[in-house]
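Hydrogens, waters and symmetry mates are skipped; everything else that's a heavy atom, side chains included, is used. Letters A, B, ... are given to chains in the order of the sequence lines, protein chains preceding strands, and every chain is numbered from 1.
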Protein chains: 2
Amino acid sequence: MARAGLTPERLVRAGAELADEIGFDQVTLSALARRFDVRVASLYSHLRNSQDLRTRIALLALEELADRAAAALAGRAGRDALAAFADVYRDYAREHPGRYDATRLRLDPETAAASAGVRHAEMTRAILRGYDLAEPDQTHAVRLLGSVFHGYISLEAAGGFSHSAPDTQETWTRIVDALDALLRNWPAP
Amino acid sequence: MARAGLTPERLVRAGAELADEIGFDQVTLSALARRFDVRVASLYSHLRNSQDLRTRIALLALEELADRAAAALAGRAGRDALAAFADVYRDYAREHPGRYDATRLRLDPETAAASAGVRHAEMTRAILRGYDLAEPDQTHAVRLLGSVFHGYISLEAAGGFSHSAPDTQETWTRIVDALDALLRNWPAP
DNA sequence: CTAGGTTGCCTAAAGGGTTTAGGCAAGCGC
DNA sequence: GCGCTTGCCTAAACCCTTTAGGCAACCTAG
């Protein structure tokens, strides 16, 4: 009886691929077991349970996304950095819809604190250094940027914009322009 | 053998309550049947299947939300209308988290076209009449507002902001201010 | 190079959700 | 009051999750 050579890493990686193919919430231990031609129970030697798998996929996706964002930000500032950052998110979501969905999984606080999620927040703040914002406006702006990027991407993925006229690429560019203008001209309270 | 008096409407309403209590994606025909003290199979006389239930809950939530938004917009314009609209969404999401989640369910195109979703888009556009935006900028702005509101609410619900300093109410107000400023000063391409 | 222990994958089983088929009786329309 | 519709039922098949316990494959020590 040959061994399949399962490891948590291989399983999580395959789970991430599965998520992109069939959707993050269709990712199931059963489906994963089928992919490795192995019984479901065997996976429990490597993963605590189904939720553990999902969490690990989320952590993987957050890492990948943070790595891409860091690479894109290198050497850029201001509007340039903002646009590059925005595009990384959007491109990742289009390339890896399942993984992107995974990044939206609610993590418990200590897992979140140990995740690449904090790198995302740091990078967003780094972009804002190109603009002239003091606290607490900087924090408000961090939240605004996160909201716009996440909101736009998830509405776009849900087909919320699909019907009407201007294409979504143009809207995306114009929104980045608008955010740039807004950050350069942040209103006083 | 007394009849339970089930109807699609009662089931959907109870399903919506269930969603608020246990989360939209925990809403299950089994749980619903338990709530009515009825066998699961009995529900299939009133609902096509599990997905049908979820879709109807989504449609209900979209209606409720559109009704609230319409009431809030009556007699308001400009920043006032924008703030009222934003608050309706946020308050609804806090009051009815399960239903709010349901509004994010992906609907197939014809269902979406027949849903209250179109009222939401119309109202957003109505708000923009208080600002001086021609097409296609108006459409870009509609998309921006939808993205911000949805994105903010879902990040807030996911606990994405919970750790840090300025409270989320203040951020929310400041973001509305910022959007108002941006719309009054929409950058030329 | 083999004896031991460890660990990987297995079978078995229990529990819950979904869905379809077919049956009996409650209650409405005549 | 009679019949027919329709509401809720039992039964059964299928899928996903999780735990318990077993055998064999591999690693390591001697």
If I take atom [atom1] in residue [X] and atom [atom2] in nucleotide [N], what distance separates them, rounded to the nearest angstrom?
X: A:Asn49; N: D:dT18; atom1: CG; atom2: C1'; answer: 9 Å
X: B:Leu32; N: D:dC8; atom1: CG; atom2: C1'; answer: 15 Å
X: B:Leu29; N: D:dC14; atom1: CG; atom2: P; answer: 20 Å
X: B:Arg39; N: C:dG23; atom1: CZ; atom2: C1'; answer: 16 Å
X: A:Asp52; N: D:dT17; atom1: CG; atom2: P; answer: 13 Å
X: A:Arg54; N: D:dC16; atom1: CZ; atom2: P; answer: 12 Å
X: B:Glu9; N: D:dG7; atom1: CD; atom2: P; answer: 12 Å
X: A:Tyr44; N: D:dG21; atom1: OH; atom2: P; answer: 17 Å

Sugar-phosphate only, base, or nothing, as touched by A:Ala41 at under 4.0 Å among non-hydrogen atoms: base
Touch class at under 4.0 angstrom, heavy-atom based, for B:Ser45 against every strand present: base
B:Thr171 side-chain N/O to B:Thr168 backbone N/O, donor-acceptor pair under 3.5 Å: no
Test item: B:Asp52 side-chain N/O and B:Leu47 main-chain N/O as donor-acceptor pair under 3.5 Å: no
State whether [X] places a side-chain N or O below 4.0 Å from either non-bridging phosphate oxygen (OP1 or OP2) of [N].
X: B:His46; N: D:dC8; value: yes
X: A:Ser42; N: C:dC9; value: no
X: B:Ser30; N: C:dT18; value: yes
X: A:Thr28; N: D:dC15; value: no
X: A:Arg48; N: D:dT18; value: no

More than 12 heavy atoms from other groups under 6.0 Å of CG on A:Asp108: yes
Test ring-ring contact (aromatic ring centres under 6.0 Å, His included) applied to B:Phe85 and B:His120, step by step: CA-CA 10 Å; B:Phe85 194 65; B:His120 290 273; 7.4 Å; no
Residue A:Val38, side-chain atoms from C-beta onward, closest of C:dC9, D:dC8, D:dT17: C:dC9
Working for ring-ring contact (aromatic ring centres under 6.0 Å, His included), residues A:Tyr131 and A:Trp186: CA-CA 9 Å; A:Tyr131 300 89; A:Trp186 191 263; over 10 Å; no
